[in-house]
Engineer: 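Input: one structure, supplied below.
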Amino acid sequence: MIIKQLNIISFGKFKEKNLKLSSGMNIIYGNNESGKTTIHKFIEGMFFGFFKPYSRRKIYTKDYEKYFPWNETNYRGVLKFIHKGEVYRIERNFAKKFDNVKIFDDKTGEDISYLFDYDPVLRLYSPGSVFGFNNIVYNNTINIKQLGSKTDKALAKEIKDSLINIGGSLDDNISVKNAVEDLTKRINAIGTEDQRKTSPYGKIVEELEKLYNERKTGLKYNEKIKKEEEQLNNLKKELSYLKSEEDSLKEKVKDIERLEVKEKYEEALKVIGEIDNLSKAIKKLREYSNLDMNDYTLLVSLQKEEDNLENSIIQWNEELKRVNKGLNELIVDLNILQKYSIIKKSEFQNLIRSCEEYCDRKEKLSNLQSKVRDIEIEKKELNYNNIQDLIDDMYSYEDMEERRNSIFYKNEYANVIFLRTRLEEKLKELKNKKKFTLVFTSLILVSIILGFKNILFFLFILPSSLFLFYNFRSSKEIKVYVESLNRQIADITEKEREKNEISDKLEDEMDAILKKYNCTTKIELKRLFDKSYETSLNIRNRDKFFESLKQEENILIEDIYELENRLRYFDSILELKEDFSIEHVKNIEREYFEFITKKDKEEELLNKQKYLRDKINTCQVELNKISKQIEEIFSKTYSTSIEEFKNGLEKKEKYNSYLKDMENKELLLSKILGNNSLEYLKNESIKVSGEFEDNCKILDKDRLINDLNSVENEISEKQKYITRIEERISNLYKNFRPLVEIDDDIFKKEQVKKDYENKLKSLRIAKNTIENISKNIQRNFAPTLNKKVSDTISIVTGEKYREVKINDKMNISVVDSENNKLVDIGKLSGGTMDQLYFATRFGIANILKEEKTPLILDDCFVQYDINRLENILRFLSYESKKRQIILFTCHRREKEILEKYGTDFNYINL
């Protein structure tokens, strides 16, 4: 089997990453955190997914979250592998709720997932079934993780079972493990008596116990029902007697009620007469029924409000006259100050500040111009230009002197002497090389001539040729070096010539400066400079002060010009003149505030005028509205004054009193009649004769009714008691099934229990037999595993350890070649332990699967020194000719060792 290609669509840190692998040795190199372990896990995930093994439900491992893409919701990949000459393509979606696996024939594109094992718990096909073992064996044999070469405890059970299958039947498909697991599952499926909730056998035992308890309960309920039924019959007899007595009492009460009907009829006739009299009185006062006391109250209120509004209108008109008079007087004063209306109140303070600034800057400018004139007069008295020339020439002289000295100190004459000395040495050495060349050439020619006479002389040709070749190469190198020295000497000589020319030019310029001031040396020039320096400083300071005054003068002129432009808009107010001063500004400020005060007063009076007019108009509208309401009330009540309206209300009060009396009489009549009509009472009254009336008067209706109520209550209690007993009997029947049904269920359950007991007995016998056979087979097959691992460890340790012992728990020991004793692996070095565990994995993989599966290694040789690493890589190089090997590493030494031994390999740099 060969893994051909990895297409990581989205997995961990990788997105759209493609890797192509070869059939032999593959090295995937990358620094730490470059993603080697991620690719390693991708291979495992594509074959097995990230699920916990042996679980009865789908549970994801921690690796699922660990390798979930960083910035993606997509979690997919594709893997191609070759198996028995055919190319297969695995497509897997790892995402929860969308997880899916499909296997295709890469040549035809046909979906062949059904040819692989199906996991009913995961509800997915398993591409990993192509290995012939599950992911536990995969991770402990052919897939060796970083720093994890030791086998897991779970591997012992898996490997032991696989070895038993191979050793016992020579066919890995015949699984003893599966057979034992199947028998165990079937035994567990039946269960034990103690497993009442989880096993069929336990449930049957529990159900039988419940049935026997149910039968006991049913017998108890039957006894209770008999007692209840006997009590029920006695109560029904008592109830029959009470109902006869109830009928007799009801007949006597009915006779008394007929007499009462006659009395009600006579009383009803009397009430009807009173109702007729009231009806006539109501008819006379009906015309006043529509009058409303609320209208009267409203009318009184409206007349008071009407009086108040009329008084208010008179007062506000007087106030309005006073306001109008004051407003007219104020307008006359404002016309005089009208010129200030062009400026807003918010702008006035800025205007005043601008005026003050204007006056201030004019005064400053006058003082400043006076100072400038004084300095100009002073400058004319000093000869400034000559002094300034002397200062500038002095600085130029010192600068040229410094440059000349720098050229002198950087003289490279010493370097030229050294290079020429070195050149002479190399020329002398080259001359000697020419002599050696002549000597060795002559020696070779002589050896060739003499060699034809004596073959031994040919032996001198090879060493002489080597010396001649060496001499020729070294001569060539010396010539190159000589040429380099000549170039350097020429360059330095040219640079020195250029420096001398610059130095001579600087000397001439320095002499010209001395002659300009009639000096012969720098000292004389310096003395002249010192005398003029103090004068120069005073002149410079005066110049700086003069320049600052001129700048300040220009700024003031610009400011005054800008302020004048700004104030031109208000020229009608300001009247800017040459003698414009602060006094003008204060006068303007005073008049403006007077204008503002009167303007505010005008606005106040206008607002008050508007307010009074609005009030008068509002009151007039309200007054008209109230007058209209008063007229509407008089029209509605057919009255012309409040007194007339008041008399009508008194008559309405009588009308309402008669209506109330009539309503009471009608209620009394309704109460007398009840649900009966007057005609019914009349007909019932006729039936009552004089004799019947005398007999009824002897009876006491209240006593009869009390007796009847007592009997009815007793009947009700009896009926309730009977109902409760019937309910108890019904409930008792509900609490249990018929005993015949219970007995039938007990019989059926007993038969099922016997069947389970017989099956358990047979399954336990079969399981014990297979396990005993398996132990014997394992003891016979253990030598094969030990030999496979011993052969491998002998190679990878360079025959330092030749014999290994592995027990059924996967504990490993080695045979010490010196004393022939077993040594536990825990007592060996870390590197040796890694070699032993690697050999164990490799040996187990070869036993479990004849087909050569890929060997995947993730930085598992970090504890190996260089000798161990070379041994294991030589072994893997040989093994790569028979199977695919994928080696992940963060070191370059594996690549270097394989190149050293000439091993072909596919190198991938992450």
Side-chain angles (χ1 to χ4, degrees), residues 55-58 120-121 123 179-250 708-768:
S55 178
R56 294 184 180 180
R57 60 190 180 90
K58 185 187 288 187
V121 175
R123 288 177 289 182
V180 172
E181 283 185 352
D182 184 59
L183 290 171
T184 303
K185 286 179 182 177
R186 291 167 69 182
I187 290 170
N188 292 337
I190 295 172
T192 63
E193 185 175 345
D194 295 331
Q195 295 172 320
R196 298 294 179 92
K197 302 294 183 184
T198 58
S199 69
Y201 183 77
K203 288 177 182 178
I204 284 293
V205 172
E206 187 177 21
E207 287 171 3
L208 278 170
E209 288 181 2
K210 288 180 179 178
L211 286 170
Y212 283 122
N213 291 332
E214 186 181 3
R215 193 173 188 283
K216 290 179 183 178
T217 303
L219 291 172
K220 291 179 182 178
Y221 279 124
N222 270 336
E223 291 296 325
K224 290 181 179 179
I225 288 169
K226 287 179 182 179
K227 292 179 181 179
E228 294 289 345
E229 286 178 343
E230 183 178 350
Q231 188 178 4
L232 179 63
N233 291 330
N234 294 333
L235 286 171
K236 286 182 177 179
K237 290 177 182 178
E238 294 175 5
L239 182 62
S240 178
Y241 172 77
L242 288 171
K243 284 186 175 180
S244 298
E245 187 177 355
E246 179 188 27
D247 292 339
S248 174
L249 289 170
K250 283 181 178 180
L708 179 60
N709 290 336
S710 178
V711 170
E712 286 176 345
N713 289 335
E714 193 172 353
I715 289 170
S716 177
E717 290 298 323
K718 296 289 183 185
Q719 287 175 335
K720 289 178 182 178
Y721 197 24
I722 289 169
T723 302
R724 286 199 294 272
I725 292 173
E726 289 174 344
E727 287 177 355
R728 285 205 298 271
I729 293 170
S730 176
N731 289 333
L732 288 171
Y733 275 116
K734 289 178 182 178
N735 287 331
F736 70 99
R737 291 184 298 150
L739 293 175
V740 176
E741 291 182 12
I742 296 172
D743 290 339
D744 184 52
D745 287 347
I746 289 172
F747 176 76
K748 291 177 181 178
K749 297 293 182 184
E750 287 286 357
Q751 293 299 317
V752 174
K753 181 184 175 187
K754 288 179 182 178
D755 290 341
Y756 280 141
E757 288 171 348
N758 292 333
K759 285 180 182 178
L760 282 171
K761 185 176 180 181
S762 301
L763 291 170
R764 285 169 181 157
I765 291 170
K767 180 184 175 185
N768 292 333

Engineer: The criterion is side-chain contact (heavy atoms from CB on, under 4.5 Å); which residues satisfy it with R57, sequence neighbours excluded?
Structural biologist: S55, I59
Engineer: For E246, give me all partners under side chain to side chain donor-acceptor pair (under 3.5 Å), at least two apart in sequence or on another chain.
Structural biologist: K250
Engineer: Taking everything shown except R186 itself, do over 12 heavy atoms lie less than 6.0 Å from its CZ?
Structural biologist: no
Engineer: Taking only residues two or more places apart in sequence, or in another chain, which ones meet Y733 in a side chain to side chain donor-acceptor pair (under 3.5 Å)?
Structural biologist: none
Engineer: Using a 3.5 Å cut-off and no angle test, enumerate the donor-acceptor pairs between side-chain atoms of residues 232-239 and protein atoms at least two apart in sequence or in another chain.
Structural biologist:
residue: N233; atom: ND2; partner: E229; partner atom: O; Å: 3.3
residue: E238; atom: OE1; partner: K718; partner atom: NZ; Å: 2.6

Engineer: Just jot down the side-chain contact (heavy atoms from CB on, under 4.5 Å) partners of K185, sequence neighbours excluded, or say none.
Structural biologist: none
Engineer: Between side-chain atoms of residues 215-227 and protein atoms elsewhere (two or more places apart, or another chain), which donor-acceptor pairs fall under 3.5 Å?
Structural biologist:
residue: R215; atom: NE; partner: D743; partner atom: OD1; Å: 2.6
residue: T217; atom: OG1; partner: N213; partner atom: O; Å: 2.9

Engineer: Between CZ of R724 and OH of Y721, what distance do you get to the nearest 0.5 Å?
Structural biologist: 7.5 Å
Engineer: Kindly write out the residues that satisfy side-chain contact (heavy atoms from CB on, under 4.5 Å) with S240, not counting sequence neighbours, or none if the list is empty.
Structural biologist: none
Engineer: Between atom NZ of K210 and atom NZ of K749, what is the distance when rounded to the nearest 0.5 Å?
Structural biologist: 10.5 Å
Engineer: Starting at CG of D745, measure out to CD of E214 and round the result to the nearest 0.5 Å.
Structural biologist: 7.5 Å
Engineer: Within this structure, what is the OG-CG distance for the pair S716 and L242, rounded to the nearest 0.5 Å?
Structural biologist: 11.5 Å
Engineer: Hey, could you give me each pair passing ring-ring contact (aromatic ring centres under 6.0 Å, His included) that has a residue in residues 224-250? Not counting sequence neighbours.
Structural biologist: none
Engineer: Return yes if some donor-acceptor pair links the side-chain N/O of T723 with the main-chain N/O of Q719 below 3.5 Å, else return no.
Structural biologist: yes
Engineer: Looking only at non-hydrogen atoms, find the nearest pair between P200 and A189 and report the distance.
Structural biologist: CD-O, 2.5 Å
Engineer: Please report the interatomic distance CD1(I725) to CD(Q231), rounded to the nearest 0.5 Å.
Structural biologist: 4.0 Å
Engineer: Which donor-acceptor pairs under 3.5 Å do the side chains of residues 751-760 make with protein atoms, sequence neighbours left out?
Structural biologist:
residue: E757; atom: OE2; partner: Y201; partner atom: OH; Å: 2.7
residue: N758; atom: ND2; partner: K754; partner atom: O; Å: 3.2

Engineer: Return the CD1 to CD distance between I746 and E207, rounded to the nearest 0.5 Å.
Structural biologist: 12.0 Å
Engineer: Just jot down the side-chain contact (heavy atoms from CB on, under 4.5 Å) partners of K748, sequence neighbours excluded, or say none.
Structural biologist: D744
Engineer: Looking at residues at least two apart in the chain, or sitting in another chain, which of them share a side chain to side chain donor-acceptor pair (under 3.5 Å) with E712?
Structural biologist: none
Engineer: Restricting to side chain to side chain donor-acceptor pair (under 3.5 Å), what partner residues turn up for K203, sequence neighbours left out?
Structural biologist: none
